[in-house]
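See structure below.
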There are 2 protein chains.
Amino acid sequence: METPGNKWLQVFEALANPHRLRIVACLRVNRMYVSELAREVRMSRPLLYMHLQRLEAAGLITGNLELSDDGKAMKYYELTEFEYVVTPESITEAVRTLTDKAAPETPHTKEDN
Amino acid sequence: METPGNKWLQVFEALANPHRLRIVACLRVNRMYVSELAREVRMSRPLLYMHLQRLEAAGLITGNLELSDDGKAMKYYELTEFEYVVTPESITEAVRTLTDKAAPETPHTKEDN
DNA sequence: ATCACCTGTAATAATAATATTACATGTGTT
DNA sequence: AACACATGTAATATTATTATTACAGGTGAT
C-alpha cells in the first residue's frame, strides 16, 4: 500500500473524479475549512468528507484541525505541492512496484479466451 | 466530451486501475494483438476488451485490425506517445473546461451541511 | 435555552465499474 | 468434420464507488 506503484495508482484514483478535480482547483486559490469548501463546491458536507479523505490519502492535500479566535474548531485543508509526469515510461516504472493482491496465479476463466 | 478538461478526466479514469496500468506497461515493450495480450496479462478476453476500450477512448492506445499472412484477422494494439504533467496548476487549467452535467444549480441536500 | 455556526461518523440507498458466462462469427490445419 | 486459433458482443452477476440521510458532539452569541 505504500510502494511507489501503489502510490501512483492511488493518485490516479483520486483524480479520476470531476468533483475532486474541482476541489483541487478550489484549494489552489487558498486553503479552506470544510464547511466553507462545501458551500463553494455546492456539495453536502458528508460527501465532501469522503472526497477529501481520498485526496488526502493520495497525498494531494493535507488537513489540520485548528482553533479559531472565537474557539470554534475548524478543519483547514490545503494543497500539497506535487508533480507527476505521466508517460508510458513513468507508468512502466510504477508498474514494477505495483503490489496487486489480485494478481492471479491461474487465469480467471476457461481457456476460451 | 472533448474539451481538454474532459480529456484529462478521461485519462485519469483510464489510469485509475491496476490492470490498465499493466496493459500500458505491457504494450510499451511492443505492440500485441488482443488474444496474445490476454494471455500475457492473464485476463479473459471480454474483460480485456473493456479495459482496452477505456484506454483507447482516453487516447492512450490505438488499435487496428490487420490481416495476418495466413488470413486470420488480428487486432493489434499499440501505445500512443503521451505526456501529462500533473500539477495543481495543470489540474486547475483542466477544470476550466470541465463540462460536468452534474453541476447542480442548487445544493443536493438540506442546509444541514 | 434557542439559534447559528462548526466537526465528525454510522447506516443506507443509488449508481457505476468490474468481472464472468455464453454465445456469435471467421480462418486454416489435421 | 472436428480442431485450434482469432475477433466481437450481449446478458448477467459481482463488487466498488458515489451520494444521501440522520444523527452525535462542540463553541459563542442573542
Side-chain angles (χ1 to χ4, degrees), chain A residues 9-10 12-23 31-58 63-77 100-104 106-113, chain B residues 9-10 12-23 31-58 63-77 100-104 106-113:
Chain A
L9 177 57
Q10 211 168 8
F12 288 137
E13 287 173 342
L15 295 176
N17 180 286
H19 293 320
R20 290 197 285 269
L21 291 181
R22 286 215 174 80
I23 290 170
R31 67 181 212 149
M32 281 177 160
Y33 60 92
V34 179
S35 289
E36 189 183 11
L37 185 55
R39 286 188 292 267
E40 185 69 25
V41 300
R42 298 172 160 281
M43 189 182 299
S44 73
R45 200 166 45 80
L47 180 54
L48 177 59
Y49 249 83
M50 189 221 63
H51 287 307
L52 288 174
Q53 283 173 359
R54 282 177 91 80
L55 286 168
E56 188 171 30
N64 65 312
L65 194 62
E66 299 179 12
L67 225 56
S68 69
D69 295 346
D70 58 343
K72 278 184 193 163
M74 312 182 77
K75 188 158 196 180
Y76 275 92
Y77 275 96
D100 190 9
K101 47 276 173 192
T106 55
H108 286 151
T109 59
K110 305 190 297 196
E111 297 304 335
D112 169 55
N113 333 359
Chain B
L9 177 57
Q10 211 169 8
F12 288 138
E13 287 172 341
L15 295 176
N17 178 286
H19 293 320
R20 291 197 284 269
L21 291 181
R22 286 213 174 81
I23 290 170
R31 68 181 210 147
M32 278 177 162
Y33 61 91
V34 181
S35 289
E36 189 183 11
L37 185 55
R39 286 188 293 266
E40 184 70 23
V41 299
R42 296 173 162 282
M43 189 183 299
S44 74
R45 200 166 45 81
L47 180 54
L48 177 58
Y49 248 83
M50 190 221 63
H51 287 308
L52 288 174
Q53 283 172 359
R54 281 178 92 81
L55 286 169
E56 188 171 28
N64 65 314
L65 194 61
E66 300 180 12
L67 224 55
S68 68
D69 295 345
D70 58 344
K72 279 182 191 161
M74 311 180 78
K75 189 159 195 180
Y76 275 91
Y77 274 97
D100 191 8
K101 48 275 171 193
T106 56
H108 287 152
T109 59
K110 304 191 297 198
E111 297 303 335
D112 168 55
N113 340 354

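The chains referred to below are lettered A, B, ... by the order of the sequence lines, with proteins before strands, and numbering in each begins at 1.
- Taking atom CD of residue B:Glu36 and atom P of nucleotide D:dC5, one finds them 13 Å apart after rounding to whole Å.
- A residue-by-residue look at A:Ala73 and B:Glu13 shows that A:Ala73 has its nearest nucleotide of DNA chain C further toward the 5' end.
- Regarding A:Leu55, its CG atom lies at a distance of 10 Å from the P atom of D:dT18, rounded to whole Å.
- With contacts defined as side-chain heavy-atom distances shorter than 4.5 Å, the pair A:Phe12/B:Leu21 qualifies.
- Regarding B:Met50, its CE atom lies at a distance of 16 Å from the P atom of C:dT21, rounded to whole Å.
- Taking atom CG of A:Leu48 as the reference point, atom C1' of C:dG8 lies 13 Å away to the nearest angstrom.
- Here the nucleotide nearest the side chain of B:Pro46, chosen from C:dA10, D:dT9, D:dG8, is D:dT9.
- Counting heavy atoms from C-beta on, the side chains of A:Tyr33 and A:Glu66 never come closer than 4.5 Å.
- Residue B:His19 places its side chain closer to C:dA19 than to any other of C:dT20, D:dT27, C:dA19.
- The separation between A:Met43 atom CE and D:dT21 atom P is 15 Å, rounded to whole Å.
- Taking the side chain of B:His51 as heavy atoms from C-beta on, and the options D:dG8, C:dT7, C:dA19, the nearest nucleotide is C:dA19.
- In this structure the side chain of A:Val34 reaches within 4.5 angstrom of the side chain of A:Arg45, judged on heavy atoms.
- When the side-chain nitrogen and oxygen atoms of B:Ser35 are compared with OP1 and OP2 of D:dT7, one or more of them lie within a distance under 4.0 Å.
- Residue B:Met32 contributes atom CE, which lies 17 Å from atom C1' of D:dT7 at whole-angstrom precision.
- For A:Arg20 and D:dT18, the shortest distance from a side-chain N or O to OP1 or OP2 is below 4.0 Å.
- For the pair A:Met50/A:Arg20, a side-chain contact is recorded, criterion being any heavy-atom separation below 4.5 Å from C-beta on.
- One finds a side-chain N or O of A:Arg39 lying less than 4.0 angstrom from the OP1 or OP2 phosphate oxygen of C:dC6.
- Across D:dG8, D:dA6, C:dT7, the shortest atom-to-atom separation from the side chain of A:Leu65 is found for C:dT7.
- Within the structure, every side-chain polar atom (N or O) of B:Tyr49 is placed at least 4.0 Å from both OP1 and OP2 of D:dT7.
- Annotation: of the two residues near DNA chain D, A:Asp69 and A:Arg54, the 5′-most nearest-nucleotide partner is A:Arg54.
- In the set C:dG8, D:dC5, D:dG8, the nucleotide with an atom closest to the side chain of B:Lys72 is D:dC5.
- If you check C:dT27, D:dT9, C:dT7 against the side chain of B:Gln53, the one that comes closest is D:dT9.
- In this structure, the side chains of A:Leu48 and A:Ile23 come closer than 4.5 Å at one or more pairs of heavy atoms.
- Here C:dT18 presents its P atom at 15 Å from CZ of B:Arg22, a figure rounded to the nearest Å.
- To the nearest 0.5 Å, the span separating CG on B:Leu15 from CD on A:Glu13 amounts to 11.0 Å.
- Comparing C:dT7, C:dA19, D:dG8 against the side chain of B:Leu47 picks out C:dA19 as the nearest.
- Atom C1' of nucleotide C:dC5 and atom CG of A:Leu67 are separated by 14 Å, given to the nearest angstrom.
- Proximity of B:Tyr33 to the phosphate of D:dT7: no side-chain N or O atom is located under 4.0 Å from OP1 or OP2.
- In terms of phosphate contacts, A:Lys75 brings a side-chain nitrogen or oxygen within less than 4.0 Å of OP1 or OP2 of C:dG8.
- Taking only side-chain atoms of B:Arg45, from C-beta outward, the nucleotide of D:dT18, D:dG8, C:dC6 with the closest atom is D:dG8.
- Of the listed nucleotides (D:dA6, C:dG28, D:dT18), D:dT18 has the atom at the smallest distance from the side chain of A:Asn17.
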